[in-house]
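Working notes, beginning with the structure itself.
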Amino acid sequence: MKIRIKFRKYGILRFIGHLDVMRCFQKIMRRAEIPIAFTGGFSPHMIMSFASPLGIGLESDGEYMDIEISEPVDSSEAVRRINRAGVEGIEVLSFRRIAEEKKMTGMTILAAADYLITPRDGLCPGNWQDHFRSFMEQDVICVMKQTKRSEREVDLRPLIYQWEFRDSSVFVQTAAGSTENLKPDLIMDAFLKYAAYPSDSTEPLHPGSFVYRRLEMYADAGKDGTWQLVTLESLGEEIRREDN
């Protein structure tokens, strides 16, 4: 049975990397006595995959991990047991059964993600949102994007699906997944080069002058060429004790 787990990552644990998050969950699953399935062979390991590893320093309200279990577990009971066995900085929000097809894993179907970008106190001029608005009104936002193998020019504008100001922050919804993946710090790097203004503080402005929080991740459930984003969580269903 395949399961999708939604969780938060916050506080001091935002500074641990993806491999440490994976090791943490491996220990939590054992302590919580979740009947997680293992691979075969000489070196079996837990069947566990993440929709999109979160960058170091980012908090998130919408992270996803897919696992396989050998027997059903009530969703509410599983959430309670995992959080009881867990650590501060990681909180499981839901535990849902998903389709068995390999092509339905979160890593495979991921299409978009929401982020909230907030300037650190005292680092940005008061008029930075005016500059950001004019930046986003451009038809084309070309940057050089570094990949593992090469560097290529990319137009960021079509990869930003939505944006709006939320008080002193800016919300953006961007492309995510294996085909196109736009991280919020690349947007802010392009913005700072566009705005070309000095910081009011002694520290020069850079993408690290902002705090990034991932809010949610989505799959495209549209058909016949239509675009319909749905949360990865919504593609699963609760397991109830009476259904086991």
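Residues take their numbers from the sequence shown, with the count starting at 1.
- Between L192 and F210, the closest side-chain pair of non-hydrogen atoms falls below 4.5 Å.
- Annotation: the span from Y218 atom OH to T231 atom OG1 amounts to 7.5 Å, rounded to 0.5 Å.
- Connection of F50 to I36 is established within a shared hydrophobic cluster, with ILVMFWY side chains joined at heavy-atom distances below 4.5 Å, either directly or through further cluster members.
- Between I98 and G236, the shortest heavy-atom contact is CG2-CA, 3.9 Å.
- Side chains of Y10 and D61: a donor-acceptor N/O pair is absent below 3.5 angstrom, by distance only.
- Side-chain N or O atoms of R157 include one that pairs as donor or acceptor with a backbone N or O of I160 at under 3.5 Å.
- Between R120 and G208, the closest heavy-atom pair is NE-O, 2.8 Å.
- Proximity of a side-chain donor or acceptor of E88 to a complementary backbone N or O of L13 within less than 3.5 Å is not detected.
- Listed for the K2 side chain is no donor-acceptor partner under 3.5 Å among the backbone atoms of A99.
- Closest approach of K9 to R14, counting heavy atoms only: CE-CA, 3.8 Å.
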Practice task
Mind running side-chain contact (heavy atoms from CB on, under 4.5 Å) on L159 and V154 for me, showing each step along the way?
Solution key: CA-CA 10 Å; L159 304 181; V154 177; 4.0 Å; yes
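- Under the side chain to side chain contact (heavy atoms under 4.5 Å, CB included) rule, L156 has a single partner from D189, L182, V140, which is L182.
- Under a 3.5 Å cut-off, the side chain of D220 and the backbone N or O of Q228 do form a donor-acceptor pair.
- Note that OG1 of T174 and NZ of K183 are 11.0 Å apart. Values are rounded to the nearest 0.5 Å.
- S75 places a side-chain N or O within 3.5 Å of a backbone atom of F95 that can act as its donor or acceptor partner.
- A donor-acceptor contact shorter than 3.5 Å is absent between the side chain of T118 and the backbone of S169.
- E63 pairs in a salt bridge (charged side-chain N to carboxylate O under 4.0 Å, His left out) with only one of the listed residues (R214, R8, R213), which is R214.
- If you take CZ on F38 and NE2 on H45, they are separated by 9.5 Å, rounding to the nearest 0.5 Å.
- For E216, the side chain to side chain donor-acceptor pair (under 3.5 Å) criterion is met by K6, Y64, not counting sequence neighbours.
- When all heavy atoms of S94 and E233 are compared, the closest pair comes out as OG-OE2, 2.9 Å.
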Between M104 and I109, is the side-chain contact (heavy atoms from CB on, under 4.5 Å) condition met? List the steps. CA-CA 6 Å; M104 292 301 291; I109 63 177; 4.3 Å; yes
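- Remark: L116 CG to F171 CZ distance equals 8.5 Å, nearest 0.5 Å.
- In the hydrophobic clustering of this structure, W227 does not group with L235; members are Ile, Leu, Val, Met, Phe, Trp, Tyr whose side-chain heavy atoms approach within less than 4.5 Å, directly or through other members.
- In this structure, V211 is not a member of the same hydrophobic cluster as L186, with clusters built from ILVMFWY side-chain heavy atoms closer than 4.5 Å.
- One distance of note links OH of Y212 with CE of M188; it measures 6.0 Å at 0.5 Å rounding.
- Cluster annotation: V172 is not connected to L215 through the hydrophobic network of ILVMFWY side chains, with a link wherever side-chain heavy atoms come within less than 4.5 Å.
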Taking it one step at a time, do V73 and I3 satisfy side-chain contact (heavy atoms from CB on, under 4.5 Å)? CA-CA 10 Å; V73 181; I3 300 294; over 6 Å; no
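- One finds the CD1 atom of I67 at 4.0 Å from the CD1 atom of I5 (value rounded to the nearest 0.5 Å).
- V79 is not listed as a side-chain neighbour of L93, based on a closest heavy-atom distance of 4.5 Å or more.
- Nearest heavy atoms, A175 versus Y161: CB-OH, 3.2 Å.
- Considering only heavy atoms from C-beta on, V21 comes within 4.5 Å of I16 through its side chain.
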Notebook entry, point to check: Yes or no on ring-ring contact (aromatic ring centres under 6.0 Å, His included) for W163 and F165, after CA distance, side-chain angles and deciding distance?
Noted result: CA-CA 7 Å; W163 77 276; F165 292 120; 5.1 Å; yes
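- A donor-acceptor pair under 3.5 Å links the side-chain atoms of D74 to the main chain of E77, judged by distance alone.
- Cluster annotation: Y194 and W128 are assigned to the same hydrophobic cluster (Ile/Leu/Val/Met/Phe/Trp/Tyr, side-chain heavy-atom contacts under 4.5 Å, transitive).
- Ring centers of F132 and F135: under 6.0 Å apart, within the cut-off.
- For R4 (side chain) and L232 (main-chain N/O), a donor-acceptor pair under 3.5 Å exists by modelled atom type.
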Start with the C-alpha gap between E237 and R96, add the side-chain angles, then the distance that decides, and say whether salt bridge (charged side-chain N to carboxylate O under 4.0 Å, His left out) holds. CA-CA 5 Å; E237 58 182 18; R96 295 188 170 195; over 6 Å; no
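- Annotation for I82 and M29: closest pair CD1-CE, 4.1 Å, computed over non-hydrogen atoms.
- In this structure, the side chain of R81 engages the main chain of A32 through a donor-acceptor pair within 3.5 Å.
- Looking at R97, its side chain never comes within 3.5 Å of a backbone N or O of M1 through a donor-acceptor pair.
- Looking only at side-chain heavy atoms (C-beta outward), V92 and F25 come within less than 4.5 Å of each other.
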